[in-house]
Amino acid sequence: MADPRGFLEVPKKESKYRPVAERVQDWGDVYAHPDNPMLELTDVSEQARRCMDCGIPFCHSGTAGCPLGNLIPEWNDLVRRGRWDAASARLHATNNFPEFTGLVCPAPCEAACVLSISEATTGGSVTIKRIEKTIAYESWAEAIIGPEPPASRSGKSVGVVGSGPAGLAAAQQLTRAGHDVTVYERDDRIGGLLRYGIPEYKLPKSDIDRRVAQMRAEGTEFVVNCDVGVDLSVADLQAKHDAVVLAIGAMEARDNPVPGRDLAGVHLAMEHLVPANKECEGDGLSPVTAAGKHVVIIGGGDTGADCLGTAHRQGAASVVQLDYNPALPEDRDDDRSPWPTWPLVMRTSSAHAEGGVRKYEVAVQRFVGDANGNVAAMVLAEVEVTREPDGRRVVTPVSEEFEIPCELALFAIGFAGVRRGQLLDDLGIEPNRRGALSCGSDWQTDAPGVFVCGDAHRGASLVVWAIAEGRSTARAVDEFLMGESDLPSPVRPSALPLSVR
């Protein structure tokens, strides 16, 4: 039984960050590591007391809270009682990689927590992310978890193209079901956007390496530097495997061809983040650095915040982040985003707390170059955003133009879907109007025996949704190969987060 008075007696307490002046000097974890780990476990156990017996736990609802269906009240109660081994088993029953979600998920579960209905009176939601992260790290520290190889082999083979969170989740589930699974990754290391899109300070890459080692020990095989369709033909891929899973992400970045876009120093966000992460891996200095430069980031989302934190650590002279939308309110507006939907509120990431300026309701009009063809300034205007009847946004300048210094410009305005290439051409699969790959109710594309999951199917989304889709697709593949399956399927292909329309 949960503690029904815990939230009244225990104040909400998030994980502590390292001091800003210290953490911007390196690429280490932004979170402070406690001097006494036992005190940290005691503190987290106290936080778990705040999880009440709420009757209907919206936190693990697939539409309002966690799409994985994480049994949050159950492992909170186990943590409250100090049963870390049982809490780990309950958490891993629904989530292959809780340290990933515990670090980088924006936590729709916390927004859907019953204590979020009236944060002024309850003290706020349960610190679900902090508890989840602590369970995961305690599980590794105490060797509570390890490889789980299958008891027998099915004789069936599956090829998974892409090693982001969706592909890894699908591969681990299918390997544990007894299939021979090979993961193909075109980059030089496993992890997809987890590896090269999310900065080291937010997600230590040693966490990925540890999970990959677990999967290797279970029997999953990995092939890197393999662009399927080029280095390995689609015909050979399908000849080697009884089923194929496409987990190729949605890496076609949106761009804005304003005048001056071709100047040196104007880049897409991934052209900044990927080499910065490679530098952290020991691959040499990044060719796209913010060191000593006036940096302007176009886009107010998570990718823009990642560029912001990266620019701080590279030693930018100044950083400005632009958003053409109005600034959001500090508190939830019950008309715009009532509980338990995702609240439309102002969010301050660890990177924003480190410095920089945010400008709202402005948009770039053109770039200004110097005599050598390098970007030197950006011309902006205040704008108003309206919508056409078909839903398209229209951004209209409403002020005189003004100029700000800019020696490095980064477009972080989202992704338009999957990248077209030989793989999709040879499979005969066409992206839909959203740039994603459609599938049937069984996660199967128009190509027989070829399944899809993650951002490739959903469009750019959250790590937690990618893992949920990977697990669900694994169930569909297992059923396709064996006629039946005991694997879990937390979401349907048509599932969407709860929202106000």
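Basis for what follows: all heavy atoms, side chains included, without hydrogens, waters or symmetry-related copies. Quick caveat: nothing in here was measured; it's all calculated off a predicted structure.
For Y201, there are no ring pair (Phe, Tyr, Trp, His ring centres under 6.0 Å) partners at least two apart in sequence or on another chain. Shown here are the salt bridge (charged side-chain N to carboxylate O under 4.0 Å, His left out) partners of D331, two or more places apart in sequence or in another chain: there are none. Under the rule for a side-chain contact (heavy atoms from CB on, under 4.5 Å), the partners of L193 that lie at least two apart in sequence or sit in another chain are M251, M270. Remark: N95 engages T101, E132 in a side chain to side chain donor-acceptor pair (under 3.5 Å) (not counting sequence neighbours). Applying the ring pair (Phe, Tyr, Trp, His ring centres under 6.0 Å) test to H457 and every residue at least two apart in sequence or in another chain returns W443. Shown here are the side chain to side chain donor-acceptor pair (under 3.5 Å) partners of E22, two or more places apart in sequence or in another chain: R18. In this structure H294 satisfies the side chain to side chain donor-acceptor pair (under 3.5 Å) test together with S318, sequence neighbours excluded. Remark: R130 pairs with E40, D43 by the salt bridge (charged side-chain N to carboxylate O under 4.0 Å, His left out) rule, at least two apart or across chains. Applying the salt bridge (charged side-chain N to carboxylate O under 4.0 Å, His left out) rule to R434 yields no partners; only residues at least two apart in sequence or on another chain are considered. Residues satisfying the ring pair (Phe, Tyr, Trp, His ring centres under 6.0 Å) criterion with F58, sequence neighbours excluded, are W339. Partners of N96 under the side chain to side chain donor-acceptor pair (under 3.5 Å) rule, at least two apart in sequence or in another chain, are Q172, Q173, R471. Every residue meeting the ring pair (Phe, Tyr, Trp, His ring centres under 6.0 Å) condition with Y17, not counting sequence neighbours, appears here in chain and number order: Y31.
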*Under the side chain to side chain contact (heavy atoms under 4.5 Å, CB included) rule, what do T310 and R313 come out as? Steps first, then yes or no, please.*
CA-CA 5 Å; T310 299; R313 284 155 181 78; 6.0 Å; no

*asked:* K202 vs D306, test: salt bridge (charged side-chain N to carboxylate O under 4.0 Å, His left out). Steps then yes/no.
replied: CA-CA 9 Å; K202 271 179 71 174; D306 290 344; 2.9 Å; yes

*Run the salt bridge (charged side-chain N to carboxylate O under 4.0 Å, His left out) check on K133 and D207 step by step: do they pass?*
CA-CA 12 Å; K133 178 184 66 173; D207 287 357; over 6 Å; no

*May I have the step-by-step check of side chain to side chain contact (heavy atoms under 4.5 Å, CB included) for F411 and D255, ending in yes or no?*
CA-CA 7 Å; F411 280 102; D255 206 338; 4.0 Å; yes

_side-chain hydrogen bond (donor to acceptor under 3.5 Å, both in side chains) between E279 and W27, intermediate numbers included_ = CA-CA 10 Å; E279 181 177 332; W27 296 93; 5.2 Å; no

*Going through the distances and angles, do E14 and K129 end up as a salt bridge (charged side-chain N to carboxylate O under 4.0 Å, His left out)?*
CA-CA 9 Å; E14 297 283 8; K129 270 185 65 172; over 6 Å; no

*Applying side chain to side chain contact (heavy atoms under 4.5 Å, CB included), run through F97 and V463 and close with a yes or a no.*
CA-CA 10 Å; F97 315 118; V463 169; over 6 Å; no

*So K359 and V320, side chain to side chain contact (heavy atoms under 4.5 Å, CB included) or not? Walk me through it.*
CA-CA 7 Å; K359 291 183 179 291; V320 177; 3.9 Å; yes

*Where do R332 and E119 land on the salt bridge (charged side-chain N to carboxylate O under 4.0 Å, His left out) test, with the steps shown first?*
CA-CA 10 Å; R332 186 197 290 261; E119 297 202 352; 5.8 Å; no

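In this structure, H92 NE2 and N70 CG are separated by 10.5 Å, a value rounded to the nearest 0.5 Å. Rounded to the nearest 0.5 Å, atoms CD1 (I467) and SG (C453) are 11.0 Å apart. Going from atom CD of E384 over to atom OG of S399 covers 11.5 Å, rounded to the nearest 0.5 Å. Atom NE2 of H267 sits about 12.0 Å away from atom CG of L273, to the nearest 0.5 Å. The CD atom of E110 sits 8.5 Å away from the CD1 atom of I131 when rounded to the nearest 0.5 Å. To the nearest 0.5 Å, the span separating CZ on F451 from SG on C439 amounts to 10.0 Å.
For E469 (side chain) and G454 (main-chain N/O), a donor-acceptor pair under 3.5 Å exists by modelled atom type. R195 places no side-chain N or O within donor-acceptor distance of the main-chain N or O of N277, the cut-off being under 3.5 Å. D370 places a side-chain N or O within donor-acceptor distance of the main-chain N or O of G373, the cut-off being under 3.5 Å. Put simply, the side chain of T289 never gets that close to the backbone of S286: no donor and acceptor are under 3.5 Å apart. With hydrogens and angles disregarded, no donor-acceptor distance shorter than 3.5 Å links the side chain of Q321 to the backbone of I298.
When side chains are defined from C-beta on, V452 does not count as touching R458, because their heavy atoms never get closer than 4.5 Å. Contact annotation: the side chain of F415 approaches that of T303 to within less than 4.5 Å [non-hydrogen atoms, C-beta and beyond]. When side chains are defined from C-beta on, L408 does not count as touching V296, because their heavy atoms never get closer than 4.5 Å. Side-chain atoms of V160 and Y184, non-hydrogen and from C-beta on, never get closer than 4.5 Å to each other. Contact check for I404 versus L380: side-chain heavy atoms found under the 4.5 Å cut-off. For the pair V258 and F367, the minimum side-chain heavy-atom distance is below 4.5 Å. In this structure the side chain of V368 never reaches within 4.5 angstrom of the side chain of V375, judged on heavy atoms. Contact of the D323 side chain with the E361 side chain is not registered, since no non-hydrogen atoms from C-beta on lie closer than 4.5 Å.
Shown here is E401, whose CD atom has more than 12 heavy atoms of other residues, nucleotides or ligands within 6.0 Å. Within a 6.0 Å radius of NZ in K278, other residues, nucleotides and ligands contribute more than 12 heavy atoms. Residue E388 qualifies as enclosed at atom CD: its count of foreign heavy atoms under 6.0 Å is above 12. Counting non-hydrogen atoms of neighbouring residues, nucleotides and ligands closer than 6.0 angstrom, the CZ atom of R347 exceeds 12 such neighbours. Annotation: D446, atom CG; neighbour count of heavy atoms from other residues, nucleotides and ligands within 6.0 Å does not exceed 12.
Here the closest non-hydrogen pair linking V395 and A363 is CG1-CB, 4.3 Å. Pairing each heavy atom of A456 with each of L246, the nearest pair is CB-O, 4.4 Å.
Using modelled atom types, one finds a donor on one side chain and an acceptor on the other under 3.5 Å when comparing S438 with N432. Side-chain polar atoms of Q314 and H272 form a donor-acceptor pair below 3.5 angstrom. Side chains of N372 and N374: no donor on one and acceptor on the other come within 3.5 Å.
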